[in-house]
Amino acid sequence: MATKIRILSVCGSGVVTSHMVANKLVDMFEDEGYQVDTDECNPSELDGYLMRGEYDFIAYSSPIGDPHGVPAFSAMGLITGLGEDEFKEEALAALHEAGK
């Protein structure tokens, strides 16, 4: 049975880029054996999302405020294609550290 993870994807408007990143994350981490649930928001909605749910990590393409202890990684590499492997390594390390 696949381990469930929740990821919050954050971009400037909370619509197009965050959705594109979220889809990429689902594919990336399902290939690693995870069952992935994503939410998308903009930076001003971040606190509300973090208050309402628990996330394993945040992928952001716009500057964000305090992630309240949730690991947060720049998703620009997922958008440009430069740095995808580094993003994946960082996120997998955070998941493994959390016991997932």
Side-chain angles (χ1 to χ4, degrees):
M1 180 174 202
T3 301
K4 293 181 183 183
I5 60 172
R6 282 189 79 192
I7 304 169
L8 183 59
S9 180
V10 184
C11 77
S13 67
V15 183
V16 177
T17 304
S18 61
H19 185 69
M20 182 183 80
V21 168
N23 285 337
K24 204 163 216 183
L25 292 169
V26 168
D27 292 341
M28 179 182 286
F29 289 97
E30 283 184 349
D31 288 347
E32 294 294 323
Y34 291 98
Q35 180 181 339
V36 184
D37 183 28
T38 63
D39 288 316
E40 296 107 36
C41 71
N42 66 48
S44 67
E45 298 172 318
L46 179 66
D47 288 343
Y49 272 80
L50 293 176
M51 286 174 41
R52 290 189 305 269
E54 291 185 25
Y55 295 92
D56 293 292
F57 68 86
I58 299 166
Y60 62 89
S61 60
S62 291
I64 61 171
D66 180 7
H68 303 286
V70 178
F73 309 105
S74 172
M76 290 308 294
L78 300 178
I79 297 164
T80 65
L82 302 172
E84 284 187 28
D85 292 336
E86 292 83 357
F87 177 92
K88 185 176 178 181
E89 287 175 20
E90 287 181 314
L92 282 172
L95 291 171
H96 293 153
E97 188 175 311
K100 294 191 173 193

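- Annotation: side chain to side chain donor-acceptor pair (under 3.5 Å) contacts of Q35 (sequence neighbours excluded): none.
- What you find for P43 and S62 is that their closest heavy atoms are CG-CB, 4.0 Å.
- Take K4 and apply the side chain to side chain donor-acceptor pair (under 3.5 Å) test, not counting sequence neighbours, and it matches no residue.
- A salt bridge between D56 and R6 is absent, with no side-chain N of the basic residue lying under 4.0 Å from a carboxylate O of the acidic one.
- Side-chain contacts under 4.5 Å among hydrophobic residues (ILVMFWY), followed directly or transitively, place V10 together with L8, L46, Y49, L50, Y55, I58, Y60, I64, V70.
- T17 approaches C11 most closely through the heavy-atom pair CB-CB, 3.7 Å.
- Apart from V21 itself, the hydrophobic cluster it occupies contains I5, I7, M20, L25, V26, M28, F29, Y34, V36, F57, F73, M76, L78, I79, F87, L92, L95, where clustering links Ile, Leu, Val, Met, Phe, Trp and Tyr at side-chain heavy-atom distances under 4.5 Å.
- Heavy atoms of other residues, nucleotides or ligands lying less than 6.0 angstrom from NE2 of H19 number 12 at most.
- In terms of the side chain to side chain donor-acceptor pair (under 3.5 Å) criterion, E86 has no residue partners (sequence neighbours excluded).
- Every residue two or more places apart in sequence or in another chain that forms a salt bridge (Lys or Arg N to Asp or Glu O under 4.0 Å) with E84 is listed here: K24.
- Summarising the geometry of A72 relative to P67, their closest heavy-atom pair is CB-CB, 4.2 Å, with the distance given to 0.1 Å.
- Between the side chain of S18 and the main chain of E40, no donor-acceptor pair closer than 3.5 Å is present.
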